[in-house]
Amino acid sequence: MRLRFAPSPTGAIHIGSVRTILYNYLFARQRGGVLILRIEDTDQDRLVAGAIDSIYDGLHWVGISWNEGPHEGGPHAPYVQSERLALYQEHAQELIDKGAAYYCFCSKERLAALRAEQEARHEITRYDRHCRNIPPAEAAERAKAEPHVIRLKVPDEGVLSIEDLVHGHIEWQANTLEDQVLLKSDGFPTYHLAVVVDDHVMGITHIMRGEEWVASVPKHLLIYRAFGWEAPPMAHFPSVLGPDGKRLSKRHGSTAVSQFRDDGYLPEALINYLALLGWSPGTEDEIFSMDDLIRVWKIEQVQSAGGKWDKDRLDYFNGVWIRKLSVDELVRRLEPFVPAEWDRAVLKKIAPHIQERLKTLKDAKDQIRFLFTDDIGYESKLLIPKKSDQITTAEALAHSRAVLAEVEPFTSALIRPALESLAEQLSWSRGDLNGAIRMAITGRKVGPPLYESLEVLGKEKSLKRIEKAQELLVGGPD
RNA sequence: GGCCCGUUCGUCUAGUGGCCUAGGAUGCAGCCCUCUCAAGGCUGAGAUCAGCGGUUCGAAUCCGCUACGGGCUACCA
């Protein structure tokens, strides 16, 4: 069993492609199959520098690996189509020799004019087979000097069909097809020729790709037939859609995998979410690791309709996976998201207290900044609880400072009762007292639990910040 | 225009003729817990299963038509 992923190096790997690749991966891994990464770069105009590296980065980051590919090598190397041109040219020639394909010398101008005429007459736009009847010997002679493409001779009638693993039976009438180009004038194959030749030569046993390819299946079937090969089973997975219902693309915002990494998403969460976009276990379970997926994913449960990208749901899965991390692991994942100069020992102490408050790893920085800098500017009026005033708040803070100064050791377990009884003494609610102190030490209204925050901040800094808050209040309004 | 695919709560989905007065999740609202925010627990609103016709004792589930959405229709993939 051999499966392939065949991205084009037209940029960073796209989230929709990852979903398709994931399904290929799961299918192969659960059956002990071999996975192949093949780069389909037959369009020289659309190449983007560094794209292959970013495909490697993106796929490795989400935890997808493969057996044969451009860097891995393998029995069918090279795995980059632009390095296999001779193979396609030989195969195109074979079809010419068999009489299954022909040289076409029509210029792009003639083709454009033809199309314009057909459109004007409201006819179907397709190639008119102008060069199909040039005697083979004459055509071969002209081909030595004139620019040309090679086209497939499409039959006038007949039915082409597949039993798609997702959609079931699909069929087409051959007479709705045109004589497609197999080899372009620059000597490069079209996608259609290259994919059929490579899938056959590389021994691909299952073709699984996005739904946008179903329309070209009959073309491929005809090419298989022309070579006398058998087409392998196919599955066409539904598209990942943007909020407007159209296939997800760059214009819907960030769709590159690397963007999700940079935005603080866990690969576990992305994979979990993506797996469920188009597939369902049929049970009410929904939290799955890659290993779980390899066990439970079934192609029979793949949805036939496209699914819209839902960021809220991704965020939910990200939270779930963040909470599943051990503290050490969380600290490790947080590493790229906090400044290098922040003390990792402090980070580790606060990590368990922000863990359940993180939607993404990126959120951590703002929540714990107060531990690493004294620059926590805030407006003094924010210290004052509703129903209270400047003087009373200043007094409460003074008392807090005094009480906290007595706490030894300065741990949350001892801070708690101290502040609780102070609140009672002052006839303040804990919420109001803690809110004022929280503002004083963090400069924010919300944050990790107060007692733990004080402990991690340390006695000295905590007292100093409370003093500063008092001064702010006594000094009058900003 | 032609060919093909699709259509269950806003969103992701369960559902393969009776278990469906349609289940779960997310999001939303409320309550509980609570030092804030989260997390967690509970409750609620939210889908005439695109519409119509047919098959059947019985249809979200099978068939047909229509509508709507999407993909393809290149010497792009």
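We name chains A, B, ... by the order of the sequence lines, and we start the count at 1 in each one.
- When only modelled atom types and interatomic distance are considered, Y191(A) and Q81(A) share no side-chain donor-acceptor pair under 3.5 Å.
- In this structure, G319(A) reaches neither bases nor backbone, as no heavy-atom distance under 4.0 Å exists between it and the strands shown.
- If you check every strand for non-hydrogen atoms under 4.0 Å, Q44(A) touches nothing.
- Of all nucleotides listed (G40(B), C35(B), A14(B)), C35(B) comes nearest to the side chain of E452(A).
- Using N1 to N3 plus N6-O4 or O6-N4 for Watson-Crick, or N1-O2 and O6-N3 for G-U wobble, each under 3.5 Å, A25(B) pairs with U11(B).
- Nearer the 5' end of RNA chain B, as judged by each residue's closest nucleotide, is the contact made by H169(A), out of H169(A) and R416(A).
- E171(A) comes within 4.0 angstrom of the backbone, heavy atoms only, and of no base.
- Closest contact between the side chain of R357(A) and the listed nucleotides U26(B), C4(B), A38(B) involves A38(B).
- The side chain of D310(A) sits closest to G10(B) out of G40(B), G24(B), G10(B).
- For the pair Q173(A) CD and G2(B) C1', the computed distance is 13 Å after rounding to whole Å.
- When the P atom is used for both U16(B) and U11(B), the distance is 23 Å, rounded to whole Å.
- Summarising the geometry, the separation between NE2 on H220(A) and P on C4(B) is reported as 17 Å, rounded to the nearest angstrom.
- Annotation: cation-pi geometry satisfied between R142(A) and F105(A) (NZ/CZ under 6.0 angstrom from ring centroid, within 45° of ring axis).
- At C4(B), none of the side-chain N or O atoms of H167(A) fall inside 4.0 Å of OP1 or OP2 (strictly under the cut-off).
- Distance E356(A) CD to U34(B) P: 15 Å, rounded to the nearest Å.
- Within 6.0 Å of the NZ atom in K348(A), the count of heavy atoms belonging to other residues, nucleotides or ligands does not exceed 12.
- Distance check on atom C1': U8(B) versus G24(B) gives 13 Å, rounded to whole Å.
- With a cut-off of 3.5 Å on both pairing distances, the Watson-Crick or G-U wobble partner of C3(B) is G71(B).
- Rounded to whole Å, atom P of C4(B) lies 12 Å from atom CG of L160(A).
- For C37(B), its base never sits under 3.5 Å from the side chain of R444(A) at any donor and acceptor pair.
- At G1(B), none of the side-chain N or O atoms of R121(A) fall inside 4.0 Å of OP1 or OP2 (strictly under the cut-off).
- Closest to the side chain of R313(A), out of U36(B), G24(B), C35(B), is G24(B).
- Between R430(A) and C35(B) there is a side-chain N or O to OP1 or OP2 distance below 4.0 Å.
- Residues W66(A) and Y56(A) bring their aromatic ring centres within 6.0 Å.
- Sorted by first and then second residue, the side-chain hydrogen bond (donor to acceptor under 3.5 Å, both in side chains) pairs with a member in residues 212-221 of chain A read H192(A)-H220(A), R209(A)-H220(A); sequence neighbours excluded.
- Separation of the F288(A) and W297(A) ring centroids does not fall under the 6.0 Å cut-off.
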Worksheet, complete the sentence: Contact string for nucleotides 72-77 of chain B, one letter per nucleotide 5' to 3', B = base within protein heavy-atom range under 4.0 Å, S = sugar-phosphate only, - = neither, reads S-SBBB
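- Residue contacts for L276(A): at a heavy-atom cut-off of 4.0 Å it reaches the sugar-phosphate backbone alone, with no base atom in range.
- Within the 4.0 Å cut-off from OP1 or OP2 of U36(B), not a single side-chain nitrogen or oxygen of K445(A) is found.
- Taking atom C1' in both C72(B) and C57(B), the straight-line distance is 45 Å, to the nearest Å.
- Comparing E123(A) and V214(A) against RNA chain B, the residue whose closest nucleotide sits nearer the 5' end is E123(A).
- For the C1' atoms, the distance linking A45(B) with C28(B) amounts to 9 Å, nearest Å.
- Both tests pass for R151(A) against the ring of Y127(A): distance under 6.0 Å to the centre and angle within 45° of the axis.
- The minimum heavy-atom distance linking Y103(A) with C131(A) is given by the pair O-CB, 3.5 Å.
- Residue pairs meeting the salt bridge (charged side-chain N to carboxylate O under 4.0 Å, His left out) criterion with at least one partner in residues 423-435 of chain A, sequence neighbours excluded, are E420(A)-R430(A).
- For W309(A) and F260(A), the distance between ring centers is under 6.0 angstrom.
- Residue Y451(A) places its side chain closer to C35(B) than to any other of C35(B), U13(B), A38(B).
- Separating the C1' atom of G10(B) from that of C65(B) is a span of 30 Å, rounded to the nearest Å.
- Comparing G18(B) with C12(B), their P atoms sit 26 Å apart, to the nearest whole Å.
- For the pair D315(A) CG and U11(B) C1', the interatomic distance rounds to 13 Å; values are reported in whole Å.
- Taking atom CD of residue E211(A) and atom P of nucleotide C5(B), one finds them 10 Å apart after rounding to whole Å.
- Across all strands, G447(A) comes closer than 4.0 Å to base atoms (heavy-atom distances).
- Comparing G23(B) with A47(B), their C1' atoms sit 12 Å apart, to the nearest whole Å.
- One finds a side-chain N or O of Q303(A) lying less than 4.0 angstrom from the OP1 or OP2 phosphate oxygen of A14(B).
- With rounding to whole Å, K311(A) atom NZ is found 22 Å from A25(B) atom P.
- Look at the P atom in both C62(B) and C5(B): the space between them is 15 Å, to the nearest Å.
- For the pair L433(A) CG and U34(B) P, the computed distance is 18 Å after rounding to whole Å.
- With a cut-off of 3.5 Å on both Watson-Crick or G-U wobble distances, the partner of A50(B) is given as U66(B).
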